[in-house]
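Only this structure's heavy atoms are used, side chains among them; waters, hydrogens and symmetry mates stay out.
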Amino acid sequence: MTWPIFRYSVKGTILLAGVLLAIGCAGPISVERVDHATVHQELTRNVLSAHTLSDQTRNVLRQRSLTDLYQERPEYAVADLHTAVVEGQGGANEVFALAEMSFLHAEERGGRPYYLASALYAYAFLFPGTASQPPDPYDPRLRLASDMYNRGLTSGLATEEGDEIAIRPASYQLPFGQLDVAFDPRDLAWGGRQLTGFFPAAELEISGLDNRYRQSGIGAPLAAGTTQGQLAKGFQVAVRVKTPVTALLRIDDPWRQLGGGIVRGQLELHPSSDVKTILIDQRQVPLEVEYTASLAYMLSGVPAWEFEYGGFLRGNLLDKNVPSRLVALEPYQSGRIPVVFVHGTASSPVRWAEMLNDLRGDPRIRDHFQFWFFSYETGNPVPYSAMLLRDALREAVAALDPSGEDPSLHEMVVIGHSQGGLLTKMAAIDVGDRLWNSAFKKPPEELDVSPQSREILKQALFIKPVPSVRRLIFIATPHGGSYVAGDRISHFVASLVRLPGNLLRATSEISKLDRESTVLVGQPGFGSIYAMTPGSLLVRTLARTPIVKGVKAHSIIAVRGDGPAETGDDGVVEYKSAHIQGVDSEFVVRSGHSTQSDPHTIEEVRRILLLHWAESCTKSRNCGLMPDSPSMMASKTR
């Protein structure tokens, strides 16, 4: 009777063993293939990208049996690992783990002390001095450590209000002691001005600019304001400029200082216009710079509409509010060629933002050119505004380089959009007495006007080229007039323009002259709209006046739609009006009149500037590294 039972038990045992064997064969370890996006997410998962520790730091915590402690009491785990490093029981892996652990704890509840600790640990990992080997350039922790340093320094030096960064000497509490920060106030000097109001530029979300440019490196990227400096006649750094600067906390022998209780560091401030790299541990290290964010921060909230249309209707708007008509985003720098932007009717320098952003984002352009902006009341007579441009350019050159030692200052490029293109051309022509004779039948000395009016008329109508201007770029320029300027509505709007006092007196005196003295008898007005009407006296005279020898010129013509360019227009200016003979290149872009932001227009300007640099440096025999770009190819129609 026991035998069947025995057989049954044996079968059950065999069955159970088979089940266990099958389970055992599967094992506790398995793999599964995933897609590329998942792989990348796992490779880059860290405290900054996913608010969790990276695999490298998790490895250290498991090796040190600190995983549970960090989850429950992160400050204790940080302290234990810090002690191990100080006592010589840890290396670069542990220092990096401390940086990431401290940053995560700072984000959750540790605050400033742990942000600063994270920055110090990250700095020690990146620049160990003689204590260890620097990280391999292919080690992903190198970039993460740089970012933790940059972000930790930004948050650690934030003011109590949290809206700015404190750039000053100070002492801060650390989890393991104290950080004493020294700062040399001379670092605040910037081209005769003082830097102030430091805002964390990396934290800005930008709208209104298509591309974002930044230089990756080390340091907290900031946007700094400036105090008003001494005015230079004809030229000034813009009053509300925000310039990119980088704050760096330099720590000598960081590994040794981590164990001393008091860490001493030197806070440095580096404007991007002055320096791009710094020397740390006998290595040239790039600074982190936020170019686009600083530009957007500066332009945010600018009352462009009020300025543009107020500047069109009120002929003395700028005299009240702007210290100089020619402004820049940074102090004059010897060796860099000025590019002067001249806006169009009812417009402002703000309209150049997209082009400026793209050009300044290109180091080939940024390192060889400086950008200036000319502002004017666009309702005023075109010859008068052109006179102000020429005066400003001459005065700027005289003030910035009185001895004529900087050849780059005399390789100036002027770029004009719409009416600004007419002003641009009038910076590089010699009309002799043709413009005067086309308006008046008597020489200046015989004209029955006041001495003041006679002088301003002579300055505006006897046009001589500015010697420092070497290249012109016309964008959607109405060389033959604008058909929009000739309609009744435009002339009605033009009648609302209030001219400044000196012009109002001159135009009033002209209106009283007889036909024996002037052809302007019965002229409905003298503002820019009348001058840009097709067939106007100014348009006809400028069309017959060539650009002076030695100055190169380029036309960028906007045409809407995909029809023949020769019969097209941009909504304001016809192709046949923007097209002129004698230019070095002509580029047609399919765009409306406001084409300054069109990427094709910007690329053509980039091509021309690189060409200008190549030709200028060859002439001066001081080229260094020549720009190399497919944009150097000949212009073509799009």
side-chain contact (heavy atoms from CB on, under 4.5 Å) with P478: of V539, V573, D570, T533, only one passes, and it is V573

Report yes or no: does S577 contribute a side-chain atom to a donor-acceptor pair with the main-chain N or O of G480 at less than 3.5 Å? yes

Checking the side chain of E604 only, and the main-chain atoms of I556 only, is there a donor and an acceptor separated by less than 3.5 Å? no

To the nearest 0.5 Å, what is the distance between OG (S418) and CE (M532)? 6.0 Å

Under a 3.5 Å distance rule, please check whether T541 uses its side chain to pair with a backbone N or O of L537 as donor and acceptor. yes

Centroid separation Y213 to Y291 less than 6.0 Å: no

So, the side chain of K441 versus the backbone of N437: is there a donor-acceptor pair under 3.5 Å, distance only? no

Determine whether E395 and R325 satisfy the following criterion, salt bridge (charged side-chain N to carboxylate O under 4.0 Å, His left out), listing intermediate values before the conclusion. CA-CA 11 Å; E395 290 167 355; R325 294 179 179 275; over 6 Å; no

Quick check on the 6.0 Å ring-centre criterion: do W436 and F462 meet it? yes

Value for NZ (K549) from NZ (K552), rounded to nearest 0.5 Å, stands at 12.5 Å

Please report the closest heavy-atom contact between A296 and I206, naming both atoms and the distance. CB-CG2, 3.8 Å

Scanning both residues in full, the closest heavy-atom pair of V397 with S468 reads CG2-OG, 3.6 Å

Side-chain donor/acceptor of T518 to backbone N/O of A439, under 3.5 Å: yes

Taking atom NZ of K576 as the centre, report whether more than 12 heavy atoms of other residues, nucleotides or ligands fall under 6.0 Å from it. no

E411: which residues meet the salt bridge (charged side-chain N to carboxylate O under 4.0 Å, His left out) condition with it, sequence neighbours left out? K619

Are F587 and I608 packed together at the side-chain level, in the sense that at least one heavy-atom pair is separated by less than 4.5 angstrom? no

Begin from the C-alpha positions of R390 and L423 and carry the test side chain to side chain contact (heavy atoms under 4.5 Å, CB included) through to its verdict. CA-CA 9 Å; R390 295 193 301 274; L423 274 59; over 6 Å; no

S375 OG to F373 CZ distance, which is reported to the nearest 0.5 Å: 9.0 Å

Across all chains, not counting sequence neighbours, the side chain to side chain donor-acceptor pair (under 3.5 Å) partners of T424 are none

Between the OG atom in S272 and the CD atom in E288, the distance rounded to the nearest 0.5 Å is 12.5 Å

Flag side-chain contact, heavy atom, 4.5 Å: I473 against V414: no

Side chains of N211 and N357: is there a donor and an acceptor less than 3.5 Å apart? no

Classify the side-chain pair T601/T595 by whether it contains a donor and acceptor separated by less than 3.5 Å. yes

Less than 4.0 Å between a side-chain N and a carboxylate O, is that true for D569 and R560? yes

Derivation and outcome, side chain to side chain contact (heavy atoms under 4.5 Å, CB included), residues I475 and M355: CA-CA 12 Å; I475 301 178; M355 181 178 291; 4.1 Å; yes

Any carboxylate oxygen within less than 4.0 angstrom of a Lys/Arg side-chain nitrogen, looking at R193 and E330? no

With a 3.5 Å distance limit and no angle check, can you tell me whether E354 reaches the backbone of S597 through a side-chain donor-acceptor pair? no

Heavy-atom check, side chain of V342 versus side chain of I415, under 4.5 Å: no

Quiz question: by atom type and distance under 3.5 Å, do the side chains of H417 and T477 form a donor-acceptor pair? no

Nearest non-hydrogen partners of P331 and G191, listed with the distance: CG-CA, 3.6 Å

Check: Q419 side chain, T378 main-chain N or O, donor-acceptor pair, under 3.5 Å: yes

Quick check for you: to the nearest 0.5 Å, what is the distance between Y384 atom OH and I456 atom CD1? 5.0 Å

W613 and F369 aromatic ring geometry - parallel, tilted or perpendicular at 30°/60° bounds: perpendicular

Suppose we call two aromatic rings close when their centres sit under 6.0 Å apart. Are Y376 and F374 close by that rule? yes

Report yes if the distance between the aromatic ring centroids of H479 and H579 is under 6.0 Å, otherwise no. no

To the nearest 0.5 Å, what is the distance between NE2 on H368 and CZ on R366? 10.5 Å

Can you tell if the side chain of L435 reaches within under 4.5 Å of the side chain of L542, non-hydrogen atoms only? no

With heavy-atom distances below 4.5 Å as the criterion, would you say the side chains of D401 and H410 are in contact? yes

Kindly determine whether S438 and R540 satisfy side chain to side chain contact (heavy atoms under 4.5 Å, CB included), including the steps that lead there. CA-CA 9 Å; S438 65; R540 296 197 313 270; 6.0 Å; no

For the pair K425 (side chain) and T545 (backbone), establish whether a donor and an acceptor sit closer than 3.5 Å, ignoring hydrogens and angles. yes

Donor-acceptor under 3.5 Å (R454 side chain, L447 main chain): yes

Taking the basic N atoms (NZ, or NE/NH1/NH2) and the acidic carboxylate oxygens, is any pair closer than 4.0 Å for D562 and R590? no

Cut-off 3.5 Å, side chains only: do E586 and Y575 have a donor facing an acceptor? yes

Name all residues meeting the side chain to side chain donor-acceptor pair (under 3.5 Å) criterion together with R214; count only those two or more places apart in sequence or in a different chain, and write none if there are none. E290

Residue pairs passing the ring-ring contact (aromatic ring centres under 6.0 Å, His included) test with at least one member in residues 549-568, sequence neighbours excluded, are none

Note, P221 side chain near V289 side chain (heavy atom, < 4.5 Å): no

Verdict with supporting geometry, D362 and R606, salt bridge (charged side-chain N to carboxylate O under 4.0 Å, His left out): CA-CA 9 Å; D362 186 337; R606 188 198 310 270; 2.8 Å; yes

Donor-acceptor check, side chain of D598 to backbone of S591, threshold 3.5 angstrom: yes or no? no

Partner residues of Y297 under the side-chain contact (heavy atoms from CB on, under 4.5 Å) criterion, sequence neighbours left out: F199, L204, A223, K242

I want to check something: taking the side chain as every heavy atom from C-beta on, are T227 and L195 in contact at a cut-off of under 4.5 Å? no

Kindly state each residue pair satisfying salt bridge (charged side-chain N to carboxylate O under 4.0 Å, His left out) with at least one member in residues 456-479, sequence neighbours excluded. D430-K464, R471-E615

Could you tell me if the side chain of R336 sits less than 4.5 Å from the side chain of S408, heavy atoms only? no

Please walk me through it: do S385 and N380 pass side-chain hydrogen bond (donor to acceptor under 3.5 Å, both in side chains)? CA-CA 7 Å; S385 298; N380 285 341; 5.0 Å; no

So L610 and I365, side chain to side chain contact (heavy atoms under 4.5 Å, CB included) or not? Walk me through it. CA-CA 7 Å; L610 291 175; I365 302 292; 3.7 Å; yes

